[in-house]
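Start at 1 and go down the list; that is how both ligands and their atoms are numbered.
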Amino acid sequence: MSTNRDTTTEEAASRVLVLNSGSSSVKYQLLDMRDRSRLATGLVERIGESSSRLVHTPQDGEPRERTGRIADHDQALKAAAEELAADGLGLDSPELVAIGHRVVHGGLKFSEPTVITDEVLKEIERLVPVAPLHNPANITGIRTAQALRPDLPQVAVFDTAFHRSMPEHAARYAIDVETADAHRIRRYGFHGTSHAYVSRRAAELLGRPVEELNLIVLHLGNGASASAVAGGKCVDTSMGLTPLEGLVMGTRSGDIDPAVTFHLKRVAGMSADEIDALLNQRSGLVGLCGDNDMREIRRRVDEGDERAALAFAVYIHRLKKYIGAYAAVLGRVDAVVFTAGVGENSAPVREAAVAGLEGFGLAVDPGRNAVRSGEPRLISPGGARVAVAVVPTDEELEIARQTFALAHN
Ligand code: ADP
């Protein structure tokens, strides 16, 4: 067995670095695509603050932590590169074949993972007005990685790509067509990498080809979205032009009467930017009860906190409405699949989301629902007409898989 990972030629050209750059954070993973193992994972958070933190976890070792100000994404990636180098996994290694970037908004142009050229980067920039929270951070991440390894293919994997199969009647807003087209206003959907991955894994769990299945996928993280997936293709999803539409989220309102925004402008005198900040950052669970972490909300509910109970009830009510809507869109549902931080970990959310939906063939077995596991699993009772499943998402693996496939073409 080799101790120095950089010396074996057998390992050559099998590593992919995946970068998920947020506005104040960078998540990274280095994967070996021969066996899809994680050689190292890391998170740099609170970039630009004095309390920045990097946590780096090598495959076979204990997490290492660095604290103290990390000024920008450039420093964040350099710090991550140093940690990787300390494990014999330096980014200057010839074994690194490509860097895959999560890019939130791909607009209409990108329905597939794409090698990043100047033109591609310009197009991602053009989409900043429709993804103001995300695309700028993604662009910074790409530029930083390009500066670090200009010789390597950098691949953009778009959150919107999986939803490009939505039929026009699901993608269109019912507004004046000329205005909509002039400003590229339509429903794009997000979390597509997760919805695609989870759909495939759910099919494996059910032991049936994804082409035969109608699935409702509920990606419930801090951001949250639902999708209706027929035969492995997205036919509807809850996020729209931006990741603001749809489910109640950690800090985002989800669906709201658009007239609320005019009202806030005309009556409350708020500017467009203030309304944007209200709906994206001070709404959802945090707006309703001051917390956006479902663990904390459940703890407060259990202590009898009324605001937390209301926030939970609003969250669940919206979720149920989407389950019902997508059952109607699909006509027949084979499985409802929970994923992401809340979906994978919160038994109370899963239980409440399907409570009372027995008429749709939906039920959760309390014992199965209570099991904590990192594996895909069924939580519906034996013999249920519609399967209810928990399938942990793995956006980084999916990004790495798509990046590797493209880099090898
Ligand atoms: P994102 O990628 O959108 O930031 P995640 O998918 O990581 O989000 O989900 C984060 C959220 O998951 C947290 O805000 C928290 O609400 C929820 N979460 C994580 N662990 C648990 C848990 N054990 N029980 C309930 N909720 C959890």
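At a heavy-atom cutoff of 4.0 Å, ligand 1 is contacted by the backbone of Asn292 but not by its side chain.
In terms of protein heavy-atom proximity, atom 16 (O) of ligand 1 is closest to Met294 N, 2.8 Å. Annotation: atom 25 (C) of ligand 1 to nearest protein heavy atom, Arg295 CG, 3.5 Å.
Residue Gly250 places no heavy atom under 4.0 Å from ligand 1. Distances shorter than 4.0 angstrom do not occur between any heavy atom of Met249 and any atom of ligand 1.
Atoms of ligand 1 found under 4.0 Å from any heavy atom of Ala340, numbered from 1 in the order shown, are 6 (O).
Nearest to atom 22 (C) of ligand 1 by heavy atom, out of Asn345, Thr251, Thr393, is Asn345.
Salt bridge status for Arg307 with Asp305: absent, with no side-chain N to carboxylate O gap under 4.0 Å. Remark: Arg299 engages Glu303 in a salt bridge, criterion side-chain N to carboxylate O under 4.0 Å.
With no hydrogens or angles considered, no side-chain donor-acceptor pair links Gln59 and Arg38 at under 3.5 Å. When only modelled atom types and interatomic distance are considered, Asp35 and Ser37 share a side-chain donor-acceptor pair under 3.5 Å.
Here the straight-line distance linking atom CD of Glu398 with atom CZ of Phe162 works out to 9.5 Å at 0.5 Å rounding.
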